[in-house]
Asks: 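Before anything else, here's the structure in question.
Quick note on labels: first sequence line is chain A, next is B, and so on, each numbered from 1. Here the structure is a predicted model, which is why all the values come from computation and not from measurement.
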Protein chains: 2
Amino acid sequence: MRLSQKKIMAVLRQYGYRLTPQRRAIIKTVVLSQDHVTPAAIYDKLHQGQPNIGLVTIYRTLEILTRLGLICQVHAGGGHSYTISASGHHHHLICSGCGLVVDFAGQNLAGLEQRLSRETGFKIEDHLLEFVGLCQDCQRDGV
Amino acid sequence: MRLSQKKIMAVLRQYGYRLTPQRRAIIKTVVLSQDHVTPAAIYDKLHQGQPNIGLVTIYRTLEILTRLGLICQVHAGGGHSYTISASGHHHHLICSGCGLVVDFAGQNLAGLEQRLSRETGFKIEDHLLEFVGLCQDCQRDGV
DNA sequence: TTATAAATGAAAATATTTTTCATTTAATAT
DNA sequence: ATATTAAATGAAAAATATTTTCATTTATAA
Ligand SMILES: [Zn+2]
Ligand SMILES: [Zn+2]
Ligand SMILES: [Zn+2]
Ligand SMILES: [Zn+2]
């Protein structure tokens with residue numbers, strides 16, 4: 001289940017952050033975009049609107065939203081782009097044709113984590129799992 | 001099994017690339033470094049040596065080595081750093097304390113891939129799996 | 001050797017991200 | 001409503017990172 005704009009804003013407030021028009025606009029853009037967006041893409045879309053918005057504010061807002069786990073970055077494929085987070089821990093399936101990001105969950109990596117801890121002595125804290133492929137549309141369209 | 005400098009150079013030649021002193025030096029640096037290295041770190045280490053080396057050449061060489069699957073990039077943790085590739089497909093275990101990268105393999109993601117394909121219609125081509133934690137040394141030293 | 005296509009690197013161009021700081025403003029308390 | 005204040009904004013500059021251009025050098029093969 002993807003987070004709604006309302007929910008994201010509520011969590012922001014909960015943590016003591018102010019709800020500025022700029023932040024609303026950024027959240028709206030990230031939530032409404034189907035695929036992932038870069039800071040620059042958000043800027044292109046939003047600046048010169050009402051309210052006007054600076055690139056710095058976008059960087060700062062994305063940083064906060066990421067830290068709170070409300071959005072997350074997509075790594076595979078090179079770019080540093082953002083996608084909206086599902087509420088819980090999840091992973092990404094990314095279309096190399098059109099950039100669509102599908103979240104998936106339910107993959108339990110605990111067993112693998114245990115094996116790795118045992119074999120290497122690492123104390124594992126986090127992980128990153130992404131799949132890259134072609135979505136149905138891009139397969140059909142021969143992208 | 002990590003690739004040797006010799007093996008990497010052989011593959012380069014095999015694909016028609018020339019073996020320049022600069023490329024030898026870059027390969028040597030990446031192979032000998034225990035943890036991952038950034039282009040800038042390689043540059044700091046190598047320029048002003050014999051032969052002198054430019055940052056551009058480092059970018060270009062890393063790009064080729066990555067394309068040939070001889071080294072790979074580490075994503076988790078933010079940076080764009082490189083580590084030497086094991087010969088086959090593998091994944092990364094990264095120490096957040098000291099940057100050590102341990103390769104691991106033997107994790108079969110085929111079952112998960114099938115499930116995802118079935119559920120989403122994606123044709124999956126690749127994936128990225130990284131774990132982040134603390135290595136034994138960093139746990140002991142309380143980093 | 002010599003020929004030649006490939007590779008290099010200095011410099012410039014472009015792109016990305018962070019810092020600084022004067023100004024504005026959202027939220028809270030009156 | 002109004003005043004207060006700490007938080008947020010954005011322009012500008014600085015700092016970083018990456019790519020392009022092109023004249024020069026060089027690894028390879030004939
Ligand atoms: Zn995950
Ligand atoms: Zn697609
Ligand atoms: Zn992998
Ligand atoms: Zn460590």
Asks: With distance as the sole criterion, is a donor-acceptor pair present between the side chains of B:His75 and B:His92 under 3.5 Å?
Replies: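 There is no such pair (donor and acceptor under 3.5 Å, judged by atom type) between the side chains of B:His75 and B:His92.
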Asks: Does the B:Ser117 side chain pair with the main chain of B:Phe122, one donor and one acceptor, at a distance under 3.5 Å?
Replies: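 Confirmed, B:Ser117 side chain pairs with B:Phe122 backbone.
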Asks: Once you measure the plane-to-plane angle for A:Tyr43 and A:His47, does it fall in the parallel (<30°), tilted (30-60°) or perpendicular (>60°) bin?
Replies: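 The arrangement is parallel - the two ring planes meet at less than 30°.
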Asks: Using whole Å, what does the distance between atom C1' of nucleotide C:dT18 and atom CG of A:Leu55 come to?
Replies: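 Between C1' of C:dT18 and CG of A:Leu55: 11 Å.
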Asks: Say whether, by atom type as modelled, one donor and one acceptor occur between the side chain of A:Gln22 and the main chain of A:Ile53 under 3.5 angstrom.
Replies: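 Not at all, since once roles are kept as given, no pair shorter than 3.5 Å links the two residues.
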Asks: How many Å lie between CG on B:Leu46 and C1' on C:dT8, as a whole number?
Replies: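 Interatomic distance, CG of B:Leu46 to C1' of C:dT8: 15 Å.
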Asks: Give the B/S/- string for nucleotides 19-30 of chain C, one per nucleotide from 5' to 3', where a protein heavy atom under 4.0 Å of the base yields B, of only the sugar-phosphate yields S, and otherwise -.
Replies: BB----BBSS--
Asks: Just the rounded figure in Å: distance from C1' of D:dG10 to CD of A:Gln48.
Replies: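 My rounded result for the distance is 14 Å.
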Asks: Give the rounded distance in Å between these two atoms: OH of B:Tyr82 and P of D:dT18.
Replies: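 Rounding to the nearest Å, OH of B:Tyr82 and P of D:dT18 are 8 Å apart.
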Asks: Given C:dT16, C:dT8, D:dT18, identify the nucleotide with an atom nearest to the side chain of B:Tyr59.
Replies: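 Out of C:dT16, C:dT8, D:dT18, the nucleotide with an atom closest to B:Tyr59's side chain is D:dT18.
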Asks: Roughly how far, to the nearest 0.5 Å, is the OG1 atom of A:Thr83 from the CD1 atom of A:Ile94?
Replies: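 One gets 8.5 Å once the value is rounded to the nearest 0.5 Å.
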Asks: Specify the separation, in whole Å, of atom OH of A:Tyr43 and atom P of C:dT18.
Replies: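 Going from A:Tyr43 (OH) to C:dT18 (P), I get 17 Å.
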Asks: Between C:dT16 atom P and A:Ile42 atom CD1, what is the distance in whole Å?
Replies: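 Atom-to-atom, A:Ile42 to C:dT16, this comes out as 13 Å.
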Asks: To the nearest angstrom, how far is B:Met9 atom CE from D:dA27 atom P?
Replies: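 Interatomic distance, CE of B:Met9 to P of D:dA27: 14 Å.
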Asks: Could you tell me how far apart B:Asp44 (CG) and D:dT16 (P) are, to the nearest whole angstrom?
Replies: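 My rounded result for the distance is 12 Å.
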Asks: Using heavy atoms to find the nearest nucleotide of DNA chain D for B:Ala40 and A:Gly54 separately, return the residue whose nucleotide is more 5′.
Replies: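 Nearest nucleotide further toward 5': that of A:Gly54.
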Asks: Once you measure the plane-to-plane angle for A:Phe104 and A:His91, does it fall in the parallel (<30°), tilted (30-60°) or perpendicular (>60°) bin?
Replies: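 Tilted: the ring planes of A:Phe104 and A:His91 meet at 30° to 60°.
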